[in-house]
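Small disclaimer: the values here were computed from a predicted structure and weren't measured. Here is how names work: the chains are called A, B, and so on, in the same order as the sequence lines, proteins then strands, and each is numbered from 1.
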Amino acid sequence: MLQIKELTASVGDKEILKGINLNVNPGEIHAIMGPNGSGKSTLSNVLAGRENVTVTGGSLLWHDKNLLDMEIEERAREGIFLAFQYPVEIPGVGNVYLLKAALNAQRQHRGLPELDAMDFLALVKEKMKLMEMNESMLYRAVNEGFSGGEKKRNEILQMAVLEPELAILDETDSGLDIDALKIVSNGVNSLRSPTRSMILVTHYQRLLDYIKPDFVHVLAGGRIVRSGGPELAHELERDGYAWIAESGAYGVGL
Amino acid sequence: MNPYLEQCQVERQKRQTDPVDSADQQRRALEWQRFDECGWPNTRLEKWKYTSLSSLEKLALPTALVRDPGFVMGSQDFLRADGLVISWVDGQIDLENSSISELPAGVEILFWSTMTPDERDKFAQLLVQSRRLSALGALNGALLSEGVWIRVSPGACLEVPVFLIHQTSQSCAMHLAVVVEMAVQSQLTICERWMSTRDQPTHVNLVTAFHLAEYAQLTWIKAQQGGNGSYHTAGLWAALLGHAQLRLYPFGLAGSLVRHDIQVLLQQPRAECTIRGVYRVCDREMQDFHTSVEHLAPHCTSDECFKGVLDGSGKAVFNGQVRVALDAQKTQSQLANHNLLLSEKAEINTKPELEIFADDVRCSHGTTVGQLDENQWFYLRSRGIEMETARHLLVHAFTREISDAIPHAGIRDVMNQWLGDDCYGA
Ligand SMILES: Nc1ncnc2c1ncn2[C@@H]1O[C@H](COP(=O)(O)OP(=O)(O)OP(=O)(O)O)[C@@H](O)[C@H]1O
Ligand SMILES: [Mg+2]
């Protein structure tokens with residue numbers, strides 16, 4: 001359902017993605033690992049439609065539609081969800097307001113009626129229980145003053161409420177304590193389904209113990225330099241990324 | 001002489017044939033003379049550098065004596081809070097829609113139109129400094145059409161606010177005055193709302209004076225919601241004695257041209273003044289706030305913050321003065337002005353001016369001009385929120401900090417609503 005072909009993209013005049021190829025089919029979980037600064041967040045942002053990243057070549061197809069023709073909010077309504085590496089604080093906008101507005105925007109897009117306040121709250125509270133979040137967080141401003149781990153949980157709460165078809169989790173595991181990692185992983189696992197796919201960006205094998213990926217890719221220097229099964233993550237955990245430089249796979253410019 | 005002033009001359013003649021209160025006639029003559037000396041404000045004057053009255057000059061606006069029969073009162077459902085309502089149409093008291101027949105103990109309300117000559121004389125004296133804030137104050141003195149004098153006696157604490165609700169039914173000019181006298185340890189909240197319900201040229205020329213005795217507390221909220229063609233010029237002067245507390249919340253939400261001159265004198269130790277304001281302009285609108293806080297005694301506190309939202313070809317001016325006199329030691333003062341520019345055509349001129357003569361003080365000031373935050377914008381849209389909604393949310397969030405500071409819950413809720421739909425709860 002997601003097809004990325006020879007994708008190149010830059011920020012400013014700096015080329016960051018240098019020809020990415022990746023296919024994600026329904027129900028698949030792809031883990032993307034790779035050194036700092038290799039372009040993982042940039043790829044995630046391109047999928048979500050961030051405007052400061054310019055796509056300079058290649059193609060992005062979503063259910064055979066050109067993703068590049070779609071506005072940020074349209075992609076979201078079509079079922080693409082990005083859990084941010086650094087969730088944004090929005091003072092003055094209530095968390096519960098955002099959740100409701102987001103859910104209703106999506107329902108409207110699908111031709112469904114708005115959820116009334118009661119049903120909506122019941123749904124959100126159920127998902128909060130799953131994430132073991134305190135209900136008081138609903139009535140705080142979006143991410144404002146949330147701890148690092150609370151922000152990450154809030155991202156997954158949004159995902160659980162919105163039930164996207166493709167979830168891109170950009171380092172959702174970093175900053176989580178051991179218990180929180182389990183809770184977040186449970187939340188994610190509860191959303192696994194044969195029609196829902198995920199891209200997990202992570203630095204650590206540990207997350208993949210909880211959420212078993214079908215494929216593991218190594219992104220380095222703006223390219224996917226290796227792909228394999230779950231065992232690749234173990235290998236990376238053991239050996240690090242030095243082998244990439246040695247093999248020359250890092251490519252030009254790094 | 002411009003068409004506006006020519007009409008003012010006509011209005012003067014009318015007033016001179018009113019039943020004679022010779023002292024009043026004399027005061028008006030002196031004020032007119034003073035106005036003549038000051039002259040019509042023009043952009044060559046430092047205080048009017050960015051704010052041109054040239055479009056007002058062209059309007060010959062009569063004083064309305066009879067309300068347009070086709071006029072329908074605007075809805076007042078916003079008055080969710082209990083209170084004493086003084087309703088005005090075209091600058092005249094509309095007793096039918098007011099609720100002041102029974103006043104709580106400790107408060108007295110007088111209207112200029114029914115004052116004795118003696119009371120008018122005192123009323124005018126209480127407004128002397130307010131009328132000196134700009135040439136338009138002198139014009140107000142010459143042409144005053146109505147006014148209200150609110151007196152709160154020692155120790156009286158009014159639990160319900162006084163609402164001054166102004167509407168217009170036709171094109172007209174109004175020269176109005178408000179005096180609030182707060183005796184020792186008295187407390188009051190006043191909320192003004194200014195609407196011009198139809199898109200017809202109107203000019204409100206207002207002077208206000210607040211006199212706060214020791215330990216008095218006054219909270220004042222103003223919502224300026226003029227339509228197309230509404231001009232509003234207002235001078236507010238306040239004097240605080242020891243331990244008095246004044247809180248001002250002016251909200252310039254809409255209007256063709258809105259100018260505020262605000263001066264607060266902290267005259268005795270431990271007086272406190274808080275100002276939290278918002279101005280919001282869109283295409284062809286202009287808001288101008290000139291504020292001045294004077295620390296004249298030691299141990300006084302002032303805390304001022306204005307936030308501006310500028311869209312389309314809107315313009316705004318913020319000039320914030322803080323003066324600390326030589327013997328006003330231990331002064332604490334903060335001044336901030338933050339602006340959100342939503343369009344390339346919008347224009348803001350902001351200038352903090354600090355004049356500090358004392359040496360043992362804590363004074364700070366800061367000004368920012370910025371755009372919508374790109375990260376917040378992306379974040380909201382990535383959740384499926386439409387561009388317009390995302391923008392609206394972020395703009396409302398920006399000004400919300402100011403409206404949230406209003407102590408009275410009922411008024412705060414309404415103001416939040418006026419600043420944008422409620423976007424906090426579900
Ligand atoms: N706005 C920007 N301006 C300039 N350079 C940028 C910008 N955004 C990203 N980059 C650069 O692009 C490169 C890739 O960044 P990206 O955030 O995609 O890396 P990453 O793989 O997610 O790294 P990490 O593991 O540290 O999160 C980095 O060198 C980064 O400095
Ligand atoms: Mg990253």
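- Taking the six-membered ring for Trp and the full ring otherwise, the centers of Y86(A) and Y379(B) sit at least 6.0 Å from each other.
- Taking each heavy atom of A102(A) and R383(B) in turn, the nearest pair found is CB-O, 3.1 Å.
- The contact between Q376(B) and chain A is made by backbone and side chain atoms together, counting heavy-atom distances below 4.5 Å.
- A pairwise comparison of heavy atoms in A105(A) and G384(B) identifies CB-O, 3.3 Å as the closest pair.
- By the 6.0 Å contact criterion, CG on D64(A) is open, its count of non-hydrogen atoms from other residues, nucleotides or ligands being 12 or less.
- Taking 4.5 Å as the limit, every side-chain heavy atom of F84(A) sits out of range of all side-chain heavy atoms of N375(B).
- At a heavy-atom cut-off of under 4.5 Å, chain A is reached by no residue from residues 272-290 of chain B.
- Interface remark: V124(A) contributes no atoms to any contact with chain B (heavy atom separation under 4.5 Å).
- Here L380(B) contributes atom CG and I90(A) contributes atom CD1; the two are 4.0 Å apart, rounded to the nearest 0.5 Å.
- Atom CD1 of I72(A) is separated from atom CE of M387(B) by 7.5 Å, given to the nearest 0.5 angstrom.
- Judged by distance alone, the side chain of E386(B) and the main-chain N or O of E73(A) form no donor-acceptor pair under 3.5 Å.
- Nearest heavy atoms, F378(B) versus G49(A): CE1-C, 4.1 Å.
- Chosen from R75(A), E89(A), E155(A), the residue pairing most often with chain B at heavy-atom distances under 4.5 Å is E155(A).
- Proximity to chain B is absent for every atom of Q106(A), based on heavy atoms less than 4.5 angstrom apart.
- Only the side chain of N143(A) comes within less than 4.5 Å of a heavy atom in chain B; its backbone stays farther off.
- Dense packing is recorded around NE2 of H109(A), with more than 12 heavy atoms of other residues, nucleotides or ligands lying under 6.0 Å away.
- The residues E74(A) and R381(B) are annotated as not salt-bridged, no charged nitrogen and carboxylate oxygen being separated by less than 4.0 angstrom.
- Using a 4.5 Å heavy-atom cutoff, the side chains of E374(B) and R50(A) are in contact.
- Side-chain contact between Y97(A) and L393(B) is present, with at least one heavy-atom pair separated by less than 4.5 Å.
- Rounding to the nearest 0.5 angstrom, the gap separating the OG atom in S382(B) from the CZ atom in F81(A) is 7.0 Å.
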